[in-house]
Amino acid sequence: MKTTTYVAAALAGALLLAGCASSGPGSPVVPAATQAAGRTAAGQGTAGQATGSGRAAALHAAAQCIRQHGVPSYADPVLTASGQVYSDSRSIQNAPEGTISAVQQACGALAARAGLNPGQEPPAPPQLVQAGVRAAACMRAHGLPDDQDPTARTPYTPGHGFGMTASEVPAGGKASPVYRRAAQACRSLLDDEIRASTLASLGDDG
């Protein structure tokens, strides 16, 4: 899906800022960059960010905090062998503003240490792009000529695939007969795209 992720991006920025703020005196969780420079202990990267198996544990801790502070459906992020992190950004997008504020305050330091940025997913991996291209071609062939092929840089939502920009959606939106006919004709390919975007699939393909 080619939609923006404003809420997730806003939370991501706030989480990282909260982590930086908590790195002041009296808070050993996320040390300032100057304190962390050159640190090479196992499981600890620059600016206090965890690495290796330590990062996987840090991501779990951050996700657990998010669940405990109002987003119970939030899934653990997936850390790939190449160091990419895919996250459950849709659960963050759907959270009420008050919940986001609570998560920001409670989980900012943990998210910063884990390097968790819900608003900035890694580029779409080849498996997802290929599935999206097949789905888009089908939609064009069934009455949606403006549906563009996704690329690795096209925004997507884990578990929901690529979306459609306003210029790609036909008049009348997704409730229009032309969209419904195309979606019905292309259902299996759209489902393939969604499956390729799940956290499990992204973890295998990253």
Side-chain angles (χ1 to χ4, degrees), residues 1 3-23 29-30 36 42-96 99-129 131-132 150 152-163 193-206:
M1 304 198 103
T3 53
T4 57
T5 55
Y6 174 79
V7 174
L11 175 59
L15 286 174
L16 294 180
L17 285 174
C20 292
S22 64
S23 65
V29 178
V30 185
Q44 191 76 27
T46 60
Q49 186 178 112
T51 60
S53 60
R55 190 177 185 194
L59 286 164
H60 173 72
Q64 184 68 7
C65 180
I66 291 171
R67 288 191 289 269
Q68 291 173 345
H69 287 86
V71 192
S73 64
Y74 188 76
D76 272 21
V78 171
L79 175 64
T80 70
S82 62
Q84 302 277 37
V85 174
Y86 297 96
S87 67
D88 182 13
S89 54
R90 178 57 63 88
S91 291
I92 297 295
Q93 293 170 21
N94 291 341
T99 297
I100 290 176
S101 296
V103 169
Q104 290 169 1
Q105 292 189 8
C107 309
L110 290 171
R113 183 174 185 276
L116 176 60
N117 190 339
Q120 293 185 2
E121 297 295 335
Q127 178 180 323
L128 174 55
V129 173
R153 294 295 175 181
T154 302
Y156 64 94
T157 303
H160 300 271
F162 301 104
E193 178 188 318
I194 290 172
R195 279 191 291 271
S197 76
T198 62
L199 289 178
S201 293
L202 292 170
D204 290 339
D205 205 30

Between [X] and [Y], what is the shortest heavy-atom contact and its length?
X      : Y      : answer
Ala131 : Ala196 : CB-CB, 4.1 Å
Pro123 : Tyr86  : O-OH, 3.9 Å
Ala95  : Val71  : CB-CG2, 4.1 Å
Ala63  : Pro77  : CB-CD, 3.7 Å
Arg113 : Gly54  : NH1-O, 4.1 Å

Interatomic distance, [X] atom [atom1] to [Y] atom [atom2] [nearest 0.5 angstrom]:
X      : Y      : atom1 : atom2 : answer
Asp88  : Leu116 : CG    : CG    : 10.5 Å
Asp76  : Gln64  : CG    : CD    : 7.5 Å
Thr157 : Ile92  : OG1   : CD1   : 12.5 Å
Arg67  : Cys107 : CZ    : SG    : 10.5 Å
Leu79  : Gln84  : CG    : CD    : 9.5 Å
Ile66  : Ile100 : CD1   : CD1   : 10.5 Å

*Verify side-chain contact (heavy atoms from CB on, under 4.5 Å) between Arg55 and Val85, making sure each step is shown before the conclusion.*
CA-CA 10 Å; Arg55 190 177 185 194; Val85 174; 3.3 Å; yes

*Do Ser197 side-chain atoms and Gly159 backbone N/O form a donor-acceptor pair below 3.5 Å?*
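Flag set: sc Ser197 to bb Gly159 pair under 3.5 Å.
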
*Carefully, step by step, assess Leu128 and Glu193 under the rule side-chain contact (heavy atoms from CB on, under 4.5 Å).*
CA-CA 6 Å; Leu128 174 55; Glu193 178 188 318; 4.2 Å; yes

_side-chain contact (heavy atoms from CB on, under 4.5 Å) partner of Leu202, the single match among Pro158, Pro122, Ser87_ =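 Answer after filtering Pro158, Pro122, Ser87: Pro158.
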
